[in-house]
2 protein chains.
Amino acid sequence: MTTADSSLEPGLPPIGQPLPSPQVGAMLEGLTRLKVPKSSDVLADRLRREILSDAYPPGASLPTERELVSATGLSRGSVREALRMLEAQGLVSTRAGRYGGTTVSQPTDDHLANHISHYAKGRSVPLQSLVDVRLALEPMVAFLAAERRTEADLISLRAISARLDKSADSDPAVFLEENANWHDALAAASHNPLLGTLATSVGVLMFEASQLANFATAEVRQRVCRAHHRILEAIELGDAELARRRVERDVQAYALALEAAVTASNWARQAD
Amino acid sequence: MTTADSSLEPGLPPIGQPLPSPQVGAMLEGLTRLKVPKSSDVLADRLRREILSDAYPPGASLPTERELVSATGLSRGSVREALRMLEAQGLVSTRAGRYGGTTVSQPTDDHLANHISHYAKGRSVPLQSLVDVRLALEPMVAFLAAERRTEADLISLRAISARLDKSADSDPAVFLEENANWHDALAAASHNPLLGTLATSVGVLMFEASQLANFATAEVRQRVCRAHHRILEAIELGDAELARRRVERDVQAYALALEAAVTASNWARQAD
DNA sequence: GACAGGTCAATTGTTGGACCATAGAAAAAG
DNA sequence: CTTTTTCTATGGTCCAACAATTGACCTGTC
């Protein structure tokens, strides 16, 4: 593509002479690290392209492993490795037994949440970055929930809110769990699975961080409950802008308390 | 292994009698569909837990495939399938040759972007949902960029902005490409890779949708350039709130124009 | 000493074959 | 018609061997 030696172009000179030409230096120009892809990667890429090209509707069957073997000339091991990569990405699922096989599947919310979790944990994303993202997503979730919530959403939210109130006086771990459920219900009410899954994932990551730092004091729990009541009220009213503002304040307060608890926990750890 | 004939066991208690015991009904209570996980999945889960537990710093070497074989009792094929799953998730990388092997690696931004793309395409996420998410993320990106941008960020943004202006009068495809670059630079200036990657991914998905519907008319291109100038001005000033509001308006206008073009394109397709 | 080239060995990459486990259909039995 | 059994295509697993890769090491040459 970026070959500097123009004599290789259309003039049909003797290509590939064994003797090094005097322009060998020029030939080295633009030569990058030669990557030799693995056969399983090549097959996985091809299959992935086909699957994502909408030619394969969800539920459609891919060829059997042995058919792929004869079609590609690869060994069954390589074919299986390719299928496993696609399976790890949630693009296919396999069933054993007769009339089983590999079928196209839609990535679930869990797949996306897991991948985000792997990214955040693998990169050790700092808490502040998670706060930034949550501060962007969660108010929008509330905004859309206020606009789009159904009666069923409201019933679910009220039930979870009641459970959250009860758990405010008990075990902090239970409270944090119910708190996560509350945010899940809110995400569902937004009727945007992508947005909801992103917000939930980031929320869970912060939730895990808050389990390490035991910051859910009784006072914090009471304040969270009051804030959630105000948010639910705005959603019941259908006032999207009000819901957005109230969630924004809630998340900011939550982040502030969490950060304080983390730094305090770090002090305590230094004291060891 | 699953021989029904208990006489093969050494203890000689007649377990598994062919005759159903009178309490078989009680024994069946609480028995759900028995799932038999694949050996490669089990190994992948174990390795993933270890990797994400921060016990393995990035760059650390995992045992060799043959060591894993002797340690787990599995076959090499199963071990390799497990490693391929982790590789597809960006948690490990593998090099052939002596002193090669499998090492822990941090998932890249591309990994996360690909997974989001797979989710959105695999689920056929509607354009409106993408717009919702972008409307949540991009204003926050601008907000943080205005607060945290370095001199290098500003230089990069100014250069790309100039290129974008030039391309406004030329090929719409080139313009859309430069537009994507502009948003990439903005994401980089926010100094939050997670937020930036999420925003960029959703932006690319909308970008792909806009290539199908050719909506980038000359008028739209001019308006985008003016909007970007105003946004860059706010970021240069360091006025985060102003940058946030201006991006919010820009994204809303962009989404509106895109949606109009898509519906028009659908009309044209129906006319076929 | 520096450099070019060759040798070596450990590791992943790939293949082929074999057998087991699974599960749904289809046939047989009641 | 219902239940049971049989059948069989499919994925799941294992083993053994060889090829390809690649960095360290050695060796000769200048």
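Sequence lines set the chain letters: A, B, ... in the order given, protein chains first and strands last, and positions in each chain run from 1. Note that the structure is a prediction, hence the values are computed from the model and not measured.
Ion pairing between a basic and an acidic side chain is recognised when a charged N comes within 4.0 Å of a carboxylate O; B/Arg84 and A/Asp41 show no such pairing.
In this structure, a donor-acceptor pair under 3.5 Å is absent between the side chains of A/Ser156 and A/Asp153. Using modelled atom types and a 3.5 Å distance limit, the side chains of A/Glu87 and A/Thr94 yield a donor-acceptor pair. Using modelled atom types and a 3.5 Å distance limit, the side chains of B/Glu138 and B/His183 yield a donor-acceptor pair.
With rounding to whole Å, A/Leu74 atom CG is found 10 Å from C/dT15 atom C1'. Atom CE of B/Met85 and atom P of D/dG12 are 10 Å apart (whole Å). Rounded to whole Å, the distance from CG on A/Leu68 to P on C/dT15 is 13 Å. Per the geometry, CG belonging to B/Leu62 stands 14 Å off P belonging to C/dT11, to the nearest Å.
Taking the side chain as every heavy atom from C-beta outward, B/Arg95 and B/Thr102 never approach each other to under 4.5 Å. The closest side-chain heavy-atom distance from B/Thr103 to B/Val92 is not below 4.5 Å. Residues B/Val104 and B/Leu91 form no side-chain contact, since every pair of their non-hydrogen atoms from C-beta on lies 4.5 Å or further apart. Side-chain atoms of B/Leu205 and B/Ser117, non-hydrogen and from C-beta on, do get closer than 4.5 Å to each other. Side-chain contact between B/His118 and A/Arg48 is present, with at least one heavy-atom pair separated by less than 4.5 Å.
Interface residues of residues 76-83 of chain A facing DNA chain D, ordered by number: A/Arg76, A/Arg80; criterion, heavy-atom separation under 4.0 Å. At a non-hydrogen distance threshold of 4.0 Å, A/Arg98, A/Tyr99 from residues 98-108 of chain A come into contact with DNA chain C. Taking a 4.0 Å limit (strictly below) on heavy-atom distances, residues 87-95 of chain A reaches DNA chain D at A/Thr94, A/Arg95.
Between A/Arg66 and A/Lys38, the residue anchored nearer the 5' end of DNA chain C, judged by the nucleotide with its closest heavy atom, is A/Lys38.
Exactly one residue among A/Glu65, A/Glu67, A/Glu81 makes a salt bridge (Lys or Arg N to Asp or Glu O under 4.0 Å) with A/Arg76. That residue is A/Glu65.
Checked against C/dT22, D/dC15, C/dG13, the side chain of B/Ala96 finds its nearest nucleotide in C/dG13. Of the candidate nucleotides C/dG13, D/dC15, D/dG12, D/dG12 has the atom nearest to the side chain of A/Arg84.
Neither OP1 nor OP2 of D/dT13 sits under 4.0 Å from any side-chain N or O of B/Ser75. Dashed line: the shortest gap from a side-chain N or O of B/Thr64 to OP1 or OP2 of C/dT11 is not under 4.0 Å.
Atom-to-atom distance recorded for B/Ile116:CD1 and B/Ser201:OG is 4.0 Å, nearest 0.5 angstrom.
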